Amino acid sequence: MSRYDPATLEPKWQSAWEGAGVFAARADPSKPKYYVLEMFPYPSGRIHMGHVRNYTMGDVVARTKAMQGHAVLHPMGWDAFGLPAENAAVERGISPRDWTYRNIADMRAQMKPLGFSIDWSREFATCDPEYYGQQQAMFLDMLKAGLVTRKSAVVNWDPVDMTVLANEQVIDGKGWRSGAPVERRELTQWFFRISDMAGELLDAIDGLKGWPDKVRLMQQNWIGRSRGLQFAFGTVGAPDGFDRLEVYTTRPDTLLGASFAAISPDHPLAKQLERHDPAVAAFVAECRRGGTSEEAIETAEKRGYDTGIRVRHPFDEAWELPVYIANFVLMDYGTGAIFGVPAHDQRDLDFARKYGLPVIQVFRIPEASHDHDRPDSDFATSSWIEIEDRGQWGEDRPTYELYQRIVNVAFVPPKNEEVEYINGFAGIDFQTGEAAIDAAIEACEARGVGRGVTKFRLRDWGLSRQRFWGCPIPVVHCAACGVVPERRENLPVRLPDDPSFERPGNPLDHHPTWATTTCPACNGPARRETDTMDTFVDSSWYFARFTAPHAATPTDPAEAAYWMNVDQYIGGVEHAILHLLYSRFFARAMVATGHLPATAKEPFDALFTQGMVTHEIYQTRDAAGRPVYHLPEEVTRSDAGASLQDGTAVEVIPSAKMSKSKKNVVDPMAIISQFGADCARWFVMSDSPPERDVEWTASGAEAAFKHLSRVWRLADEASRAEGPAMPDDAALARAVARAVADVTTGIEGFAFNKAIAKLYELSNAIARSDAGPDARRAALRIMAQLMSPMVPHLAEEVWAMLGGAGLVAQSPWPVADPSLLVEDSVVLPIQINGKRRAEISVPMAMGAAEIEARVLADETVQRFLDGQVPKKLIVVPGRIVNVVV
RNA sequence: GCGGGUGUGGCGGAAUGGUAGACGCGAAGGUCUCAAACACCUUUUCCGCAAGGAGUGUCGGUUCGAGUCCGACCACCCGCACCA
């Protein structure tokens with residue numbers, strides 16, 4: 001071979017690894033274990049650059065740890081249930097099963113040429129009955145353990161297709177196929193009781209030392225512990241059974257600023273009123289239009305309906321507040337009823353202005369307050385809001401400022417700033433934050449108004465899906481016995497082979513025979529549950545299954561004890577909340593049901609969230625002005641711009657996530673055939689820090705290829721070179737030691753781009769060195785080892801060319817000789833008043849006093865001082881000197 | 001709307017509170033070549049002939065010293081419970 005040729009070299013080394021069984025995970029008590037896992041892919045059929053990046057990162061970690069002497073588990077599987085398979089069935093008449101398994105075969109075939117150090121013997125798909133049967137067994141265990149419940153939940157309902165829609169299938173409040181406005185509808189559903197564990201899941205976040213702070217923060221906010229006051233308003237004019245209205249507030253200190261109460265359209269009182277009042281029914285029906293997502297609800301126009309019912313302010317029987325039904329009040333949070341304080345909450349203020357409700361200030365707006373006094377501010381110092389006199393209320397009587405400054409912008413007291421209460425409680429003036437709220441709760445409790453309670457934002461995990469391509473929920477419905485768990489020996493409850501997607505809805509529901517069964521309790525006729533499980537269930541324990549993928553029970557105790565926890569988990573930040581939270585819950589549930597050791601409650605010791613792979617978008621317009629997108633390979637890019645083959649100018653839109661619809665995709669297979677897998681791997685690791693997005697560019701890929709060719713050429717030349725040792729050998733050895741240290745810390749700190757920059761420096765150093773052939777070969781062998789996690793095939797080739805023993809993948813990771821890392825002198829920059837003016841070179845060991853003398857004697861320093869005597873001299877050893885004049 | 005993040009040359013990015021721009025791309029000039037490709041060498045934040053000055057999204061603060069810490073803002077990206 002006379003040049004770098006990945007097309008022959010890569011398959012050669014892949015079969016060498018396979019032949020030697022290098023990547024089979026073997027429990028070895030004599031070694032520390034290391035479990036590295038990348039979030040497993042959905043089998044869409046094609047791998048994309050995001051996969052290449054994700055699995056290359058994991059592979060770098062896995063290969064490095066193996067060379068550092070660990071027993072490594074690095075498995076791969078398929079998150080194979082889900083909507084796209086059903087869509088393919090509807091659109092193309094293919095069975096979801098065939099479509100999925102074909103995709104898996106295709107993707108596996110695309111993944112293997114990338115040379116990942118994966119133990120393929122552990123591969124499984126979540127749609128394998130062997131896997132989902134074990135999942136059903138665990139569901140039954142969790143049901144028995146009280147971790148599962150059934151209750152009502154709201155879903156998106158398409159009134160034309162008569163089917164439940166995923167949030168993704170709701171576009172602008174309309175069903176994606178029918179185009180009909182979506183409604184919210186209640187169904188009885190299965191739930192995991194994750195909210196019972198809210199406090200535990202929240203507190204345990206503190207122990208997740210290996211997780212990014214941002215993910216821990218997101219999880220904390222998602223679980224959302226809040227301290228507040230729950231109390232009941234007495235009602236006036238409410239139907240029987242509703243003489244009290246329970247509300248929950250996190251701002252009890254603003255109770256004296258209340259000017260209305262509002263209930264959710266799903267509140268029992270709203271439902272009661274709806275039955276007898278067509279106007280209420282119409283309003284509530286209107287509120288139920290649109291999707292169920294929190295985003296849809298929170299961004300919808302705020303609307304209310306005055307029920308005519310009044311509630312009495314808890315501090316004054318005579319003070320009555322109107323009760324509205326409001327579309328922004330969520331039934332799932334708190335009690336489904338709130339009170340509104342327009343002066344200090346923007347949403348409440350908008351509502352108050354819309355419905356002509358009073359605005360009662362609780363806090364005095366600080367005179368010097370930031371934005372509020374800007375001329376363009378919505379705060380108008382002269383506007384006057386008339387407020388009726390409410391009479392005498394004793395010591396808590398609200399008072400009003402002579403003029404009101406709150407017109408269209410609510411005053412939300414800033415955190416960490418003291419604010420004066422003008423309508424507050426005795427003893428809690430001049431405070432904000434937790435302390436004021438605790439004091440307000442105490443004051444209310446002392447008066448017999450409610451009690452302090454802790455609530456969580458986290459809701460139970462609804463797992464029922466009205467879909468075919470998921471894990472069947474293993475229960476039956478019996479007219480005599482009710483809901484009955486399926487018997488163990490009947491697991492797995494398999495999906496039928498002959499689903500029909502001819503009409504909308506769940507094929508399991510329509511199937512002529514599948515649901516028909518006998519009751520496990522009474523042997524009478526019964527019907528299977530036709531709902532299947534959320535695919536998040538499948539991905540909430542696959543990491544545990546990888547430790548014993550073919551065990552006859554969900555896990556094998558010995559294998560789980562050896563391999564768990566996952567030492568390093570790697571995936572997209574889009575999973576930062578749901579998938580990770582559900583997995584944390586599931587691990588606890590598996591501990592509770594005996595499927596995992598107690599030490600595995602938190603299954604992921606360390607987490608890394610990687611960024612996306614992006615690409616420019618190339619766009620032209622058709623005759624009607626609609627955008628037309630073009631694949632990167634159709635476009636010629638130059639400095640001047642971009643054009644098609646025929647010369648048509650192309651608009652270049654800045655980089656965005658690769659997506660088929662925008663055609664800004666690069667097929668990894670095309671890159672592999674053009675440049676090789678190592679080149680793709682090197683490029684995705686080299687250009688950006690791994691937690692950030694990386695932009696795929698053709699020039700970057702070519703540059704990566706050039707560099708790998710250069711390394712190959714250096715090795716080729718060195719393999720044939722002859723000659724004596726040279727004086728530069730020692731300098732090269734120092735450069736190698738430096739690189740060993742820097743690349744190792746780079747990889748261990750997930751700074752792959754920096755590790756690669758150091759490898760560029762090392763190859764430059766080798767290329768420019770005048771060292772002798774033996775020293776060059778030694779340097780290149782170590783460089784091959786350092787490069788091997790990123791570009792394993794080229795590394796093997798270089799290693800072999802230069803006489804390395806065995807496989808580089810099985811060689812021990814190099815360690816730098818500390819004596820070669822010590823520098824004997826250092827260049828100190830000299831600042832004068834913080835501006836860099838000069839520099840001096842001093843021996844590393846020089847003391848501060850001598851450095852000061854050398855600095856003051858420096859010609860440039862003298863010139864800048866111009867006779868002045870420095871006030872102060874700051875010497876940071878080995879770093880910098882600052883002269884303050 | 002709520003929660004989280006990001007912002008540094010023409011571009012991707014580097015920088016324990018201590019020389020801003022490592023490394024790479026691109027660009028310019030050169031060597032080699034009949035020529036090109038490849039390879040190699042040099043230059044490359046901006047303004048300026050230079051001396052020097054300016055500079056890390058904006059405004060303000062802390063500090064001997066701020067890309068880094070604090071406050072306010074702007075822009076963009078991600079998530080929001082049935083996409084995976």
Side-chain angles (χ1 to χ4, degrees), chain A residues 39 41-42 44 79 81-84 153 155-156 164-170 189 212-215 217-218 220-222 224 291-300 302 328 332 346-347 370-371 414 416 457-467 534-536 538-539 572-579 581-582 609 611-612 614 639 654-657 686-689 691-695 697 699-700 702-704 706-707 709-710 713 751 753-754 756-761 764 767 827-831 833-839 871-874 876 878-885:
Chain A
M39 291 179 185
Y42 179 80
S44 61
D79 189 14
F81 277 134
L83 272 180
V155 296
N156 300 305
V164 176
L165 297 178
N167 282 340
E168 187 191 48
Q169 299 170 317
V170 179
Q189 310 254 282
D213 288 344
K214 64 172 175 183
V215 175
L217 194 56
M218 281 191 264
Q220 281 164 355
N221 290 336
W222 187 261
T292 57
S293 76
E294 192 169 313
E295 185 191 6
I297 293 165
E298 290 285 334
T299 54
K302 310 292 180 272
F328 58 84
D332 290 318
Q346 190 59 45
R347 190 180 60 187
H370 357 283
D371 310 333
N416 314 320
R457 204 185 79 96
L458 181 66
R459 311 200 292 259
D460 277 336
W461 171 10
L463 67 110
S464 298
R465 297 291 181 269
Q466 295 69 46
R467 302 190 208 294
D534 179 7
T535 56
F536 271 124
D538 314 334
S539 55
V573 72
E574 66 272 19
H575 295 294
I577 296 175
L578 290 178
H579 162 61
L581 187 61
Y582 290 155
T609 54
M612 298 178 302
T614 65
D639 274 357
S655 223
K657 181 179 184 172
S686 67
D687 242 30
S688 288
E691 67 276 14
R692 238 188 281 173
D693 293 350
V694 63
E695 182 182 27
T697 59
S699 59
E702 281 162 27
K706 277 185 198 173
H707 180 256
S709 302
R710 183 179 188 229
R713 209 167 43 243
N753 55 326
K754 285 186 259 172
I756 284 179
K758 296 298 177 185
L759 284 165
Y760 272 105
E761 286 181 12
N764 286 339
V827 174
L828 279 186
I830 302 169
Q831 294 184 333
N833 287 336
K835 291 268 180 207
R836 182 182 170 280
R837 297 299 184 187
E839 60 183 36
K871 288 200 190 88
K872 203 152 104 179
L873 216 62
I874 293 158
V876 185
R879 274 295 185 185
I880 203 165
V881 179
N882 194 7
V883 183
V884 185
V885 185

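From a predicted model like this one, the values you see are computed outputs, not experimental measurements.
Residue whose closest nucleotide on RNA chain B sits further toward the 5' end, between A:Lys302 and A:Thr697: A:Lys302. Remark on RNA chain B: of its neighbouring residues A:Ala757 and A:Glu691, the 5'-side contact belongs to A:Glu691, judged by nearest-heavy-atom nucleotide.
Remark: side-chain polar atoms of A:Asn156 are not paired, donor with acceptor, to backbone N or O of A:Gly291 under 3.5 angstrom. Side-chain N or O atoms of A:Asp693 include none that pairs as donor or acceptor with a backbone N or O of A:Gly611 at under 3.5 Å. A:Asp79 places no side-chain N or O within donor-acceptor distance of the main-chain N or O of A:Tyr42, the cut-off being under 3.5 Å.
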Nucleotide by nucleotide, nucleotides 64-70 of chain B touches protein heavy atoms under 4.0 Å in the pattern (B base, S sugar-phosphate only, - none) BS-----
Mark up nucleotides 76-84 of chain B, 5' to 3', with B wherever a protein heavy atom is under 4.0 angstrom from a base atom, S wherever such an atom reaches only the sugar-phosphate, and - elsewhere.
---SBBBSB
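B:C78 sits 40 Å from B:C40 when the P atoms are compared, rounded to a whole Å. Comparing the P positions of B:C70 and B:G17 gives an interatomic distance of 12 Å, to the nearest angstrom. Nucleotides B:U56 and B:G67 are separated by 7 Å at their P atoms, to the nearest Å. Rounded to the nearest Å, the gap between the P atom of B:G10 and that of B:G55 is 15 Å. A gap of 10 Å separates the C1' atoms of B:G18 and B:A66, to the nearest Å. When the P atom is compared between B:A20 and B:G65, the two are found 14 Å apart, to the nearest whole Å. The gap from the C1' atom of B:C11 to that of B:U44 amounts to 14 Å, rounded to the nearest Å.
At the heavy-atom level, A:Asp332 lies nowhere under 4.0 Å from the strands shown. Counting non-hydrogen atoms under 4.0 angstrom, A:Thr299 reaches a base of the nucleic acid. If you check every strand for non-hydrogen atoms under 4.0 Å, A:Lys758 touches nothing. Using a 4.0 Å heavy-atom cutoff across all strands shown, A:Lys706 reaches sugar-phosphate atoms only and no base atom.
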Mind listing the N/O atom pairs, protein and nucleotides 50-53 of chain B, below 3.5 Å?
unit_1, atom_1, unit_2, atom_2, d
B:G53, OP2, A:Arg837, NH1, 3.1

Distances for protein N or O near nucleotides 40-46 of chain B N or O, under 3.5 Å:
unit_1, atom_1, unit_2, atom_2, d
B:C40, OP1, A:Arg710, NE, 2.9
B:C41, OP1, A:Arg768, NE, 3.3

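With sequence neighbours left out, the side-chain contact (heavy atoms from CB on, under 4.5 Å) criterion links A:Asn833 to A:Val884, A:Val885. Every residue was checked against the salt bridge (Lys or Arg N to Asp or Glu O under 4.0 Å) condition with A:Asp538, not counting sequence neighbours, and none meets it. Under the side-chain contact (heavy atoms from CB on, under 4.5 Å) criterion, A:Ala751 pairs with A:Asn753, A:Lys754, not counting sequence neighbours. Partners of A:Trp222 according to the side-chain hydrogen bond (donor to acceptor under 3.5 Å, both in side chains) rule, which considers only residues two or more places apart in sequence or in another chain, do not exist here. For A:His575, there are no side-chain hydrogen bond (donor to acceptor under 3.5 Å, both in side chains) partners two or more places apart in sequence or in a different chain. Residues passing the side-chain hydrogen bond (donor to acceptor under 3.5 Å, both in side chains) test with A:Glu839 are A:Arg836, sequence neighbours excluded. Residues that satisfy the side-chain hydrogen bond (donor to acceptor under 3.5 Å, both in side chains) test with A:Arg713, not counting sequence neighbours, are absent from this structure.
Side-chain N/O atoms of A:Arg692 include one lying less than 4.0 angstrom from OP1 or OP2 on B:G7. Contact annotation: A:Lys754 reaches the phosphate of B:A15 (side-chain N/O to OP1 or OP2, under 4.0 Å). Residue A:Lys835 places at least one side-chain N or O closer than 4.0 Å to OP1 or OP2 of B:A54.
Other residues, nucleotides and ligands contribute at most 12 non-hydrogen atoms within 6.0 Å of the NZ atom of A:Lys835.
Side-chain atoms of A:Arg837 and A:Val883, non-hydrogen and from C-beta on, never get closer than 4.5 Å to each other.
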Based on Watson-Crick and G-U pairs with both distances under 3.5 Å, what dot-bracket line describes RNA chain B 5' to 3', crossing pairs as [ ] and inter-strand pairs as |?
(((((((..(((.....[....)))((((((.......))))))(((....)))..(((((..]....))))))))))))....
